[in-house]
Colleague: 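Okay, here's the structure, questions in a sec.
Proteins get letters first, then strands, A, B, ... in listed order; numbering begins at 1 in each.
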Amino acid sequence: MNQPTKVVYLGSLPFDQTEQQVLEVARSVGPVVDFKLFFDQETGKPKGYAYVEYQDMETAASAVRNLNNYTMGNRNIKCSYSGRLSIEDNIAESGDGIKLPPLPLGIDLIGTSDPTELTFKVVETLEYNKLLSVLKEARSMAKTSPLAMKKLLDENPQLAYALVHAGNLTHKMSPDDINAVLAKPVANGVQNAAAQEFASLPLQAQEQIRAVCALTQNQIEQLQPSEKNMIIQLKEKYSNVVNNI
DNA sequence: GTTGAGCGTT
């Protein structure tokens, strides 16, 4: 048994329960401050465990007492202390000191064979103005806190994927624009040249490139062939630049 | 189809 803290580990969760349903069970013992359910990054399948941060140790203690061996679906779930102070305590470990706010719950992937395709569909359901405002927000975040933006994109490849498609749908970063960026001659100073070039690009383009660089190999594989090559080239050209900001 | 133990997905 671990040191008592505010964060509790939930394990042996049924694979067929949604994030929302697990959260509800977690909330049944008290207010939840932060919550994270784990999925396989590639397949989108649930890993069957989660972390719940409660507002205080008393509530967490109550969770350990009441949720351990609680029957959910067809399983007896496990609940014990995680031993960490807060869910986002990878700050010390990664050493970057960047703290991102908790993200909203994702949508249910159960029954989806292709999570990347689903991301695309979700983006398509958004209003044009909504897409613009999301892009605008991403742009402003990239400008005011580039490191946080990098971290956000690195940790959430679906978001990078969504931003690339949002750029396409709003014609803010169409294949033509990408080609235009790639067509710029690369000077001899390699890295510095690429960095200078990057800095000289419109913010819109910078933001799209960041998103592109954060795409996983798997996501790239799933792009249209026409986009795919450009994306690969973009990534090759700028990933070092983006990673060194 | 690889779905059952999993303690933080780099």
Colleague: To the nearest Å, give me how far apart CG (A:Asp40) and C1' (B:dT3) are.
Modeller: 13 Å
Colleague: Under 3.5 Å, is there any donor-acceptor pair linking the side chain of A:Tyr49 to the base of B:dG6?
Modeller: no
Colleague: Grab the CG-P distance between A:Leu153 and B:dT10 for me, whole Å please.
Modeller: 15 Å
Colleague: Looking at every strand, decide which applies to A:Ile77 at a 4.0 Å heavy-atom threshold: base, sugar-phosphate, or nothing.
Modeller: nothing
Colleague: Side chain of A:Ser145, backbone of A:Leu147: donor and acceptor closer than 3.5 Å?
Modeller: no
Colleague: What is the distance, rounded to the nearest whole Å, between atom CG of A:Leu147 and atom P of B:dT10?
Modeller: 20 Å
Colleague: Measure OH/A:Tyr51 against P/B:dG6 and give the value in whole Å, please.
Modeller: 12 Å
Colleague: Expressed as a whole number of Å, how far does the C1' atom of B:dG6 sit from that of B:dT2?
Modeller: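 So the two C1' atoms sit 15 Å from each other.
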Colleague: Considering only side-chain heavy atoms of A:Tyr9, which listed nucleotide, B:dG6, B:dT2, B:dG4, is closest?
Modeller: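 The answer is B:dG6.
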Colleague: Side chain of A:Phe15 only, please: which of B:dT9, B:dT3, B:dC7 is the nearest?
Modeller: B:dT3
Colleague: Tell me what A:Val7 touches on the nucleic acid: a base, only sugar-phosphate, or nothing, going by heavy atoms under 4.0 Å.
Modeller: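 Since a base atom lies under 4.0 Å of A:Val7, the category is base.
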Colleague: Could you tell me how far apart A:Lys36 (NZ) and B:dG6 (C1') are, to the nearest whole angstrom?
Modeller: 17 Å
Colleague: To the nearest Å, how far apart are A:Lys150 NZ and B:dT10 P?
Modeller: 13 Å
Colleague: Would you say the side chain of A:Lys237 lies within less than 4.5 Å of the side chain of A:Phe198, judging by non-hydrogen atoms?
Modeller: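 Side-chain contact under 4.5 Å: no.
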Colleague: If you only use heavy atoms from C-beta on, which nucleotide in B:dT9, B:dC7, B:dT2 is closest to the side chain of A:Lys47?
Modeller: B:dT9
Colleague: Does A:Thr18 offer a backbone N or O that forms a donor-acceptor pair with the side chain of A:Gln21 under 3.5 Å?
Modeller: yes
Colleague: Provide, to the nearest angstrom, the distance between the CZ atom belonging to A:Phe38 and the C1' atom belonging to B:dT10.
Modeller: 13 Å
Colleague: Can you check the A:Asn76 CG to B:dG4 P distance for me, whole Å?
Modeller: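 It is 17 Å, rounded to the nearest whole Å.
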Colleague: If we check side chain to side chain contact (heavy atoms under 4.5 Å, CB included) with A:Tyr238, which of these qualifies: A:Gln206, A:Arg210, A:Glu197?
Modeller: A:Glu197
Colleague: From the options A:Val242, A:Ile231, A:Ile232, select the one residue that forms a side chain to side chain contact (heavy atoms under 4.5 Å, CB included) with A:Val212.
Modeller: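 Answer to the side chain to side chain contact (heavy atoms under 4.5 Å, CB included) test with A:Val212 among A:Val242, A:Ile231, A:Ile232: A:Ile231.
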Colleague: 5'-most contact on DNA chain B: A:Cys79 or A:Gly11, nearest heavy atom basis?
Modeller: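 That would be A:Gly11.
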